[in-house]
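Since the structure comes first, as structure tokens, the remarks are kept for the end.
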Amino acid sequence: MSFTMNDLALLAIALVIGLIFGLMISGRGKFKRLWQEEKIAHRTAIKDRDTRLEAANKRIVELERHSAPIGAGTATAVGGAVRGRDDLSRISGISQREEVALNEAGYHRYGQIAALNAEQEATLEARLGLTPGTITRNDWRGQALALERGEAKPGLLSRLTGAH
């Protein structure tokens with residue numbers, strides 16, 4: 001197969017047109033520029049994160065140095081956690097989520113629930129998102145007192161078999 005001068009000229013023209021077309025659609029380094037910008041943004045984000053972490057750690061050290069004495073109710077919460085917790089969800093009307101919220105509020109034992117006054121009930125109902133009067137209506141204090149004395153409410157098995 002032999003090429004004539006015209007064939008070689010057409011081939012050269014096609015290559016030049018292809019090169020020009022390729023340079024036009026390449027964006028003249030657009031992707032390389034975008035990659036460099038992304039690299040710079042990533043480095044900046046990492047520096048910002050490290051700066052925030054360092055500032056947060058300094059703030060923690062400062063707060064620990066100037067910490068106030070333990071507030072009211074904290075001793076009760078810690079004491080309940082150390083001595084163990086009663087299963088407050090055994091009280092009718094207390095779900096697992098509400099038991100966790102009660103534990104966070106410092107109520108870990110049946111005796112604490114049994115000793116609630118009206119003001120504490122209102123505070124707990126607001127904290128748990130219950131309608132006012134729910135604790136009294138469900139008789140949490142009476143149930144807690146019975147559970148503390150060991151007078152557990154009958155379980156499903158004893159209700160089915162009739163043994164009390």
Side-chain angles (χ1 to χ4, degrees), residues 25-164:
I25 63 172
S26 73
R28 295 188 183 142
K30 176 176 81 172
F31 297 109
K32 184 176 181 181
R33 189 174 47 246
L34 289 174
W35 180 71
Q36 292 293 337
E37 291 171 0
E38 183 66 27
K39 237 169 58 170
I40 292 168
H42 181 70
R43 284 186 192 137
T44 305
I46 288 175
K47 285 179 185 177
D48 289 346
R49 182 203 61 194
D50 291 342
T51 304
R52 285 194 318 266
L53 280 173
E54 186 178 328
N57 286 333
K58 285 180 183 178
R59 179 71 177 142
I60 289 170
V61 169
E62 178 184 333
L63 288 173
E64 287 176 345
R65 195 172 341 129
H66 298 359
S67 65
I70 294 176
T74 306
T76 306
V78 171
V82 170
R83 289 188 295 276
R85 297 182 174 122
D86 290 330
D87 184 10
L88 298 179
S89 64
R90 291 183 63 197
I91 297 174
S92 177
I94 297 180
S95 66
Q96 292 292 330
R97 181 188 59 81
E98 291 164 342
E99 180 182 15
V100 169
L102 284 168
N103 287 335
E104 289 173 354
Y107 295 95
H108 302 280
R109 310 295 263 157
Y110 296 132
Q112 293 172 307
I113 302 295
L116 287 174
N117 60 33
E119 182 181 332
Q120 291 169 327
E121 277 186 11
T123 304
L124 275 178
E125 287 169 343
R127 182 179 183 131
L128 297 174
L130 302 172
T131 57
T134 301
I135 293 176
T136 303
R137 201 171 32 257
N138 290 339
D139 190 29
W140 285 12
R141 284 189 265 172
Q143 292 181 61
L145 190 60
L147 287 167
E148 186 177 28
R149 291 182 185 154
E151 304 167 5
K153 60 183 176 184
L156 179 62
L157 182 62
S158 62
R159 280 187 266 154
L160 289 174
T161 59
H164 292 284

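All values derive from a computational prediction rather than experimental measurement.
- Around atom CD of E37, more than 12 heavy atoms belonging to other residues, nucleotides or ligands sit under 6.0 Å away.
- For the residue pair S92/Q143, the side-chain donor-acceptor check at 3.5 Å is not satisfied.
- If you take NE2 on H42 and CD on E38, they are separated by 8.5 Å, rounding to the nearest 0.5 Å.
- Ion pairing of E54 with K58 is present here, as a side-chain N (NZ or NE/NH1/NH2) and a carboxylate O approach within less than 4.0 Å.
- Between E99 and D86, the shortest heavy-atom contact is OE2-O, 3.6 Å.
- Between R49 and I46, the closest side-chain pair of non-hydrogen atoms falls below 4.5 Å.
- Between Y107 atom OH and Q120 atom CD the span is 4.0 Å, to the nearest 0.5 Å.
- Nearest heavy atom pair, residue R141 against residue T136, reads NH2-OG1, 4.4 Å.
- In this structure, CZ in R90 is found 5.0 Å from CG in L147, a value given to the nearest 0.5 Å.
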#### Entry: Chi angles and distances behind the side chain to side chain contact (heavy atoms under 4.5 Å, CB included) call for L128, L102
CA-CA 8 Å; L128 297 174; L102 284 168; 4.3 Å; yes
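- For the pair E121/W140, no side-chain contact is recorded, criterion being any heavy-atom separation below 4.5 Å from C-beta on.
- Ion pairing between a basic and an acidic side chain is recognised when a charged N comes within 4.0 Å of a carboxylate O; E62 and R59 show such pairing.
- A pairwise comparison of heavy atoms in I91 and A144 identifies CD1-CB, 3.8 Å as the closest pair.
- Here I135 contributes atom CD1 and I113 contributes atom CD1; the two are 7.5 Å apart, rounded to the nearest 0.5 Å.
- Judged as a side-chain contact (heavy atoms from CB on, under 4.5 Å), and not counting sequence neighbours, the contacts of L145 are A114, E148, R149.
- Between E98 and L130, the shortest heavy-atom contact is OE2-CD2, 3.2 Å.
- Residues S89 and Q96 share a closest heavy-atom pair of OG-NE2, 3.3 Å.
- Rounding to the nearest 0.5 Å places CG of N103 at 5.5 Å from CG of L88.
- To the nearest 0.5 angstrom, I60 atom CD1 is 9.5 Å from L53 atom CG.
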